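Below you'll find the structure, written out as structure tokens, and then a few comments.
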Amino acid sequence: MTLTSRQEQVLRTVIEEYIAIGAPVGSRHLSEHFDFGVAASTIRNDLADLEDLGMLAHPHTSAGRVPTDAGYRHYVDAVASERGEAAPAIRLERDRAANEIDDALRETAEALSRVTELLAVVSAPAVTTSSLRHIEILALQPRLVMVVLITTSGQVTKRMFSFGDPVDEGLAEFARVYLNERLVGAQLGTRRIAAVFESLDLRSKERAFLDALRPAFETPSPGDVEGLHLGGASRLLDNLSRAGVGHLNEVLQMLEERYNLLELLAGALREDGMYLRIGHEMPSPSLQECSMVASTYGVANRSLGTVSVIGPTRMDYQRVIATVRATADGLSTYLEDIW
């Protein structure tokens, strides 16, 4: 949608003033505090035109305007392409061991929430985006076996398997050697994985044992939310409550279950650069009075996870975008350093 340069300026000023003061912004306020080089009547006409275009709304009988989702979207698209002041740095220890990545992501979520005063969500590298680095098959008890998978992203997953009869320790050692020789460097859920488990060279006893362990090597289910780190859930609820936003019970349920968040972040992982969803662009009805700002992080031009902030539509987009972008860049550098 094309606006005149002055309409762009007026819209931006209304949005930034509304974010700052939380009250409808009128032509008189704009004329008294900003120099647009035109009469107050011209500013009133611009506000009316922006309302006709769906960028601003006229709440109740107030003389002031507030941004609509469309107005925020127009503004945010411009802000996202700008590189303003450097965002506050979120520092991570560079000497942290690779198997402590989850701790680093958890700390990042907490720090990002403190800086933005909103809900921060950081997703761990998805298992399916990484390759297997090492496999352990451990016979913990006569009938209990643990499979440990370590990926190139530093993620460690463990699965327990129970058997009706005692497991031959030699069989567990065979599986460890066999799978490490053939699967290191493979991605979970690929044809290469299937071929190893279905090899015609396997004897019936070996095949039966490997078939029992095979679920550990399949693609994780979409409901697997163990790698989702949240910081500042109370800040989000407090912000929404003060903004008079409804659906708080549904938002709380979403934070507890996390499945909708996982689906939302999956969309961000599929896109390069900043990922923005404002108001009714959010897929869940309980989040349609919120906005999300997200960015991916990764190594070697490969996205591994996401950094995101969720808050009310009235948020400081310029600051949040810069902070999320800087945090994602910092995580990418951190992962490159420790690998």
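This structure is a prediction, so every number in the text was calculated from the model and none was measured.
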**Prompt:** For residues Arg235 and Ser113, is any side-chain donor paired with an opposing acceptor at under 3.5 Å?
**Reply:**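 Yes, side-chain donor-acceptor contact under 3.5 Å.
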**Message:** Checking Thr327 against Tyr297: is there a side-chain donor and acceptor pair closer than 3.5 Å?
**Reply:**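 No, because no side-chain N or O of Tyr297 sits under 3.5 Å from a partner of the opposite role on Thr327.
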**Message:** Is there a side-chain contact (heavy atoms from CB on, under 4.5 Å) between Thr13 and Phe36? Walk through the geometry before answering.
**Reply:** CA-CA 10 Å; Thr13 304; Phe36 293 98; 3.8 Å; yes
Within the side chain of [X], is there an N or O that forms a donor-acceptor pair under 3.5 Å with the backbone of [Y]?
X: Arg182; Y: Ile193; result: no
X: Arg65; Y: Val25; result: no
X: Glu8; Y: Ser5; result: no
X: Arg214; Y: Phe209; result: no
X: Thr296; Y: Thr306; result: no
X: Thr333; Y: Asp329; result: yes
X: Thr68; Y: Gly54; result: yes
X: Glu181; Y: Tyr178; result: no
X: Ser332; Y: Gly298; result: yes
X: Arg277; Y: Met282; result: no

Non-hydrogen side-chain atoms of [X] and [Y] separated by less than 4.5 Å:
X: Ile19; Y: Met315; result: no
X: Leu118; Y: Leu236; result: no
X: Met274; Y: Ser295; result: yes
X: His29; Y: His33; result: yes
X: Gln318; Y: Tyr75; result: yes
X: Leu56; Y: Val14; result: yes
X: Leu50; Y: Leu3; result: yes
X: Val309; Y: Leu112; result: yes

With rounding to the nearest 0.5 Å, note down the distance linking [atom1] in [X] to [atom2] in [Y].
X: Phe217; Y: Arg159; atom1: CZ; atom2: CZ; value: 10.0 Å
X: Leu132; Y: Leu179; atom1: CG; atom2: CG; value: 9.5 Å
X: Glu198; Y: Leu210; atom1: CD; atom2: CG; value: 11.5 Å
X: Asp77; Y: Leu276; atom1: CG; atom2: CG; value: 7.0 Å
X: Leu183; Y: His134; atom1: CG; atom2: NE2; value: 12.5 Å
X: His280; Y: Thr313; atom1: NE2; atom2: OG1; value: 10.0 Å

Quick one: closest heavy-atom pair of [X] and [Y], and the distance?
X: Leu202; Y: Arg207; value: O-NH2, 3.7 Å
X: Leu144; Y: Met160; value: CD2-CE, 3.6 Å
X: Glu336; Y: Val299; value: CG-CG1, 3.5 Å
X: Arg143; Y: Pro166; value: NH2-CD, 3.6 Å
X: Ser123; Y: Leu228; value: CB-CD1, 3.9 Å
X: Ile15; Y: Gly71; value: CD1-O, 3.4 Å

**Message:** Parallel, tilted or perpendicular: which one describes the rings of Tyr317 and Tyr72, with boundaries at 30° and 60°?
**Reply:**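 If you compare the ring of Tyr317 with that of Tyr72, the planes turn out tilted.
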**Under-4.0 Å salt bridge between Asp69 and Arg73** =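 Result for this pair is no, no salt bridge flagged.
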**Item:** Hydrophobic cluster membership, Val177 vs Val145, 4.5 Å side-chain cutoff
**Value:**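 No.
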**Message:** For residues Val184 and Val196: do they belong to one hydrophobic cluster (side chain heavy atoms under 4.5 Å, members Ile, Leu, Val, Met, Phe, Trp, Tyr)?
**Reply:**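 Result: no, two separate clusters.
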**Residue pairs fulfilling salt bridge (charged side-chain N to carboxylate O under 4.0 Å, His left out) with at least one residue in residues 10-38, sequence neighbours excluded** =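 Counting only pairs at least two positions apart or across chains, the salt bridge (charged side-chain N to carboxylate O under 4.0 Å, His left out) contacts touching residues 10-38 are Arg12-Glu16, Arg12-Glu82, Arg28-Glu32.
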Show every donor-acceptor pair shorter than 3.5 Å between a side-chain atom in residues 37-48 and any protein atom, with sequence neighbours excluded, or say none if there are none.
unit_1	atom_1	unit_2	atom_2	d
Asn45	ND2	Ser41	O	3.4
Asp46	OD1	Arg6	NH2	3.3
Asp46	OD2	Arg6	NE	2.6
Asp46	OD2	Arg6	NH2	3.3

Going by atom type alone, with no hydrogens or angles, which donor-acceptor pairs under 3.5 Å involve a side-chain atom of residues 169-176 and a protein atom two or more places apart or on another chain?
unit_1	atom_1	unit_2	atom_2	d
Glu173	OE1	Arg176	NE	3.2
Glu173	OE2	Arg176	NH2	2.8

